[in-house]
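Below you'll find the structure, written out as structure tokens, and then a few comments.
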Amino acid sequence: MKRENTGGGFFTDIAVPEDAPRVECPKVLGYATHARIEGLEHGLGFVLSMEDGRLHLLEGYGWGPESTASLDLNNLSFEIYHEPI
């Protein structure tokens, strides 16, 4: 629905149709998924938030001190990888 670039990462609001089945899962998912991002030395980590059994929010957060403010989040080159926890 909407994405906000905070300079330290981003928040993306997710809309799921009301008739979509609800799922049983933790309120927060992720922590082991990361991305190498063109323009960021340390990349981003990701967290998915659930609300009432549906996806609600995707948060991307910087692993290093670099700012995300100048990144065009809609047109990034990136590579997803998984860190063991």
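Just so you know, these numbers use all the heavy atoms, side chains as well, and skip hydrogens, waters and symmetry mates. As the structure is a prediction and not an experimental result, all values here were calculated from the model.
- Residues that satisfy the side chain to side chain donor-acceptor pair (under 3.5 Å) test with Ser49, not counting sequence neighbours, are absent from this structure.
- Legend: side-chain hydrogen bond (donor to acceptor under 3.5 Å, both in side chains) pairs involving residues 58-74, not counting sequence neighbours, sorted by first then second residue: Arg3-Asn74, Asn5-Thr68, His34-Trp63, Asp72-Asn75.
- The line from CZ of Phe10 to OG1 of Thr12 is 5.0 Å long, rounded to the nearest 0.5 Å.
- Contact check for Leu57 versus Ile14: no side-chain heavy atoms found under the 4.5 Å cut-off.
- Between Leu44 and the choices Leu71, Thr33, Ile37, the side chain to side chain contact (heavy atoms under 4.5 Å, CB included) rule is met once, by Ile37.
- Of the possible donor and acceptor atoms, one in the side chain of Arg54 sits under 3.5 Å from a partner among the backbone N and O of Glu18.
- In this structure, Arg36 satisfies the cation-pi test against Tyr81, with its NZ or CZ atom closer than 6.0 Å to the six-membered ring centre and inside 45 degrees of the ring normal.
- Checked against side chain to side chain donor-acceptor pair (under 3.5 Å), Asp19 has no partners two or more places apart in sequence or in another chain.
- Considering all non-hydrogen atoms of both residues, Gly60 and Phe46 come closest at CA-CD2, 3.9 Å.
- A single hydrophobic cluster is seen to contain both Leu73 and Leu40, as judged by linkage of ILVMFWY side chains at heavy-atom distances under 4.5 Å, directly or through other members.
- With contacts defined as side-chain heavy-atom distances shorter than 4.5 Å, the pair Leu29/Met50 qualifies.
- Val47 and Val28 make their closest contact through CG1-CG1, 3.1 Å (heavy atoms, listed as atom of the first residue, atom of the second, distance).
- Within the 4.5 Å cutoff, side-chain heavy atoms of Val23 are placed close to those of Cys25.
- From Glu51, atom CD reaches atom CZ of Arg22 across 9.5 Å, with rounding to the nearest 0.5 Å.
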